[in-house]
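Following: one structure in structure tokens, then a few remarks.
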Number of protein chains: 2
Amino acid sequence: MGYTIKDLSERTNLSPNTLRYYEKEGLLPDIKRTKGGIRHYSQENLEWIGLITCLKNTGMTIKQIRQFVDLSLQGPETLKARCELLKTHKQEIERHIEEINRYYDKVNCKIDYYTKQYEQYMEEEGN
Amino acid sequence: MGYTIKDLSERTNLSPNTLRYYEKEGLLPDIKRTKGGIRHYSQENLEWIGLITCLKNTGMTIKQIRQFVDLSLQGPETLKARCELLKTHKQEIERHIEEINRYYDKVNCKIDYYTKQYEQYMEEEGN
DNA sequence: GTAATACTTAGCGTTAACGCTAAGTCAAGA
DNA sequence: TCTTGACTTAGCGTTAACGCTAAGTATTAC
């Protein structure tokens, strides 16, 4: 039971290098080892990595994630703090979403504009 | 008429350094100069920078933007190519939007989860 | 005329998040 | 048993997109 580092690498699309790096940086606590020292990731570990990846891909730095992880390790007294941290981050994400939507509109406008320009150009050339 | 580099820096939130850098990299063609060699940005230049910024902040690299700019400089024969390029990029943006929405949902789930955990914790402690 | 701003070249520094390598050791599944 | 994969330390390399500095010159708004 459990995943080897290669298994997990495939499931998470993170390289073994990256998985070791995250562990070293404190983002992945409680990874079990065999007697021989080989990592064995649990289902829980896999899910945790899902959360880490989520935070990372929405703009959190490793250091910031580290702080969140440190809180998590301190037990239920920090539940509120963790919640606040996530709520703050949620607002960040909302800002990103707004921004990207604005840019999306802008690109669409440009596409329309170029399309019209192109049609006009073809008409002129077409004669 | 026209903006100095400082004016434009303020309007675009790009540093003078960055504006010169973009120009050097070929993202900003046709910037006029005074006899003395001082840059004078036009309204058109400002709008162009708006587009560049849009592409950059939606994940295009300087090099890719450069290709788009090069096409633009070649006149109306490249209108179709530019259009295709933007459409491809539009799909990229759509992928980003989907991704970020998934992450957004995940963060919200976590917030709910922690909130419930917290309430439960408070109940237990509250006695 | 003078202070404030702009220009150039050029080249080194920075940050984040890894990648990669090497050397040497160890583990474990078939 | 043997081959395949895993482990460690440690340290250098990489990429993108600038930042910063210095030195020395030129311009321009007031």
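Values below: every heavy atom of this structure, side chains too, minus hydrogens, waters and symmetry copies. The chains referred to below are lettered A, B, ... by the order of the sequence lines, with proteins before strands, and numbering in each begins at 1.
- Remark: B/Ser15 is not in phosphate contact with D/dC18, judged by side-chain N or O atoms under 4.0 Å from OP1 or OP2.
- Checking the phosphate oxygens (OP1, OP2) of D/dC7, no side-chain nitrogen or oxygen of A/Lys6 falls inside 4.0 Å.
- Regarding contacts with the backbone of D/dT28, a side-chain N or O of B/Thr34 is found under 4.0 angstrom from either OP1 or OP2.
- Atom CG in B/Leu19 sits about 14 Å away from atom C1' in D/dG19, given to the nearest Å.
- Annotation: of the two residues near DNA chain D, B/Gly36 and B/Lys63, the 5′-most nearest-nucleotide partner is B/Lys63.
- Separating the OH atom of A/Tyr41 from the P atom of D/dC7 is a distance of 7 Å, rounded to the nearest angstrom.
- Salt-bridge formation is detected for the pair B/Arg95/B/Glu92: a Lys NZ or Arg NE/NH1/NH2 atom is positioned less than 4.0 Å from an Asp or Glu carboxylate oxygen.
- Residue A/Tyr21 contributes atom OH, which lies 12 Å from atom C1' of C/dG19 at whole-angstrom precision.
- The nucleotide whose nearest atom lies closest to any side-chain atom of B/Arg33 is, among D/dT8, C/dC7, D/dA17, C/dC7.
- Atom CG in B/Asn17 sits about 11 Å away from atom C1' in D/dA17, given to the nearest Å.
- Distance B/Ile31 CD1 to C/dA6 P: 15 Å, rounded to the nearest Å.
- Considering only side-chain N and O atoms, A/Arg39 lies under 4.0 angstrom from the phosphate OP1 or OP2 of D/dT8.
- The hydrophobic cluster containing B/Ile65 also contains A/Tyr104, counting ILVMFWY residues as joined when their side-chain heavy atoms lie under 4.5 angstrom apart, directly or transitively.
- Listed nucleotides D/dC7, D/dA6, C/dA6 differ in distance to B/Thr4; the shortest reach to its side chain belongs to C/dA6.
- The side chain of B/Thr18 places an N or O atom within less than 4.0 Å of a non-bridging phosphate oxygen (OP1 or OP2) of D/dG19.
- For the residue pair B/Thr58 / B/His96, no side-chain donor-acceptor distance below 3.5 Å is found, with atom types taken as modelled.
- Transitive grouping of hydrophobic side chains (ILVMFWY, heavy atoms separated by less than 4.5 Å) keeps B/Ile49 and B/Ile38 in distinct clusters.
- Using a 4.0 Å cut-off, no side-chain N or O of B/Arg20 falls inside it from OP1 or OP2 of D/dC20.
- Between B/Tyr22 and D/dC18 there is a side-chain N or O to OP1 or OP2 distance below 4.0 Å.
- For B/Ile5, the side-chain atoms get nearest to C/dC7 when compared with the rest of C/dC7, D/dA17, C/dA17.
- Counted by atom type alone, B/Asn45 and B/Ser42 present one or more donor-acceptor pairs between their side chains at under 3.5 Å.
- Residue B/Ile62 is the one, among B/Ile62 and B/Lys35, whose nearest nucleotide of DNA chain D lies closer to the 5' end (criterion: closest heavy atom).
- Following rounding to the nearest Å, A/Glu23 (CD) and C/dC18 (P) show an atom-to-atom distance of 15 Å.
- Summarising the geometry, the separation between NE2 on B/His40 and C1' on D/dA29 is reported as 11 Å, rounded to the nearest angstrom.
- Here the C1' atom of nucleotide C/dA17 and the NZ atom of A/Lys56 are 7 Å apart, to the nearest Å.
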